[in-house]
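So the structure is just underneath, and the comments pick up after that.
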Amino acid sequence: MNKATLTLSMIVKNEAACLADCLESVADIVDQIVVVDTGSEDDTVKIAKSFNAEVYNFEWQNNFAQARNESIKHAKSDWILWMDADERLLPDSKTHLQKLLRKEKYPIAYKFQIQNLQKDKKTNLMSDGHRLFTNYKDIYFSGRIH
């Protein structure tokens with residue numbers, strides 16, 4: 001059986017200060033990086049492209065679900081991992097994630113622990129949520145999300 005592939009899916013705006021660290025935390029395990037930019041005026045797009053990300057412009061509609069759905073629309077891999085620029089995938093989570101990547105016939109979602117770097121850049125919060133899911137058209141974001 002062929003190894004399943006993984007797309008990192010992101011929405012960003014003016015994230016130059018933290019985007020590189022986020023992408024560095026997953027660059028060695030993803031096959032595709034999709035970045036939907038909602039109007040950056042800093043070096044966010046340049047940084048994303050330095051990681052060979054596919055960057056798509058999207059006009060912000062004050063709706064996170066809509067923007068996240070735009071990002072997963074461009075995913076070509078078997079699996080999608082979504083993250084925000086101020087988040088990092090922990091090494092232990094990375095190892096666990098790689099073990100889960102396999103071809104699936106049905107929609108599946110998994111929770112992962114993500115490190116969230118706060119604005120003071122010293123405080124780290126851990127969150128776990130359904131961040132990894134199979135790339136099926138029936139999986140999408142809806143309602144009030146961030």
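What you see is a predicted model, and the numbers here were worked out from it, not measured in a lab. Residue numbers run from 1 in the order of the sequence given.
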Closest approach of Ala67 to Phe58 (non-hydrogen atoms, all atoms of both residues)
CA-CE2, 3.8 Å
Any donor-acceptor N/O pair, Thr5 side chain to Asp78 backbone, under 3.5 Å:
yes
Side-chain donor/acceptor of Glu54 to backbone N/O of Lys49, under 3.5 Å
no
Hey, does the side chain of Asn63 reach the backbone of Ala65 with a donor-acceptor pair shorter than 3.5 angstrom?
yes
Looking only at heavy atoms, what is the nearest atom pair of Thr44 and Glu15, with distance?
OG1-N, 2.6 Å
Less than 4.0 angstrom from a charged side-chain N to a carboxylate O is my criterion; do Asp31 and Lys76 meet it?
no
Is there a donor-acceptor pair under 3.5 Å between the side chain of Tyr136 and the backbone N or O of Ile108?
no
Please check if the side chain of Gln32 supplies one atom and the backbone of Leu6 the other of a donor-acceptor pair under 3.5 Å.
no
Check: Trp79 main-chain N/O paired with Thr134 side-chain donor or acceptor under 3.5 Å:
no
Would you say Asp37's side chain and Asn57's backbone share a donor-acceptor pair under 3.5 angstrom?
no
Closest non-hydrogen atoms of Asp42 and Ala16, given as atom of the first, atom of the second and distance, are OD2-N, 3.1 Å
Answer yes or no: are there more than 12 heavy-atom neighbours, outside Gln98 itself, under 6.0 Å from its atom CD?
yes
For the pair Gln61 (side chain) and Glu59 (backbone), establish whether a donor and an acceptor sit closer than 3.5 Å, ignoring hydrogens and angles.
yes
Could you tell me whether the side chain of Arg88 and the main chain of Ser25 form a donor-acceptor pair under 3.5 Å?
no
Within the distance-only criterion (no hydrogens, no angle test), does the side chain of Thr38 pair as donor or acceptor with the backbone N or O of Val12 below 3.5 angstrom?
yes
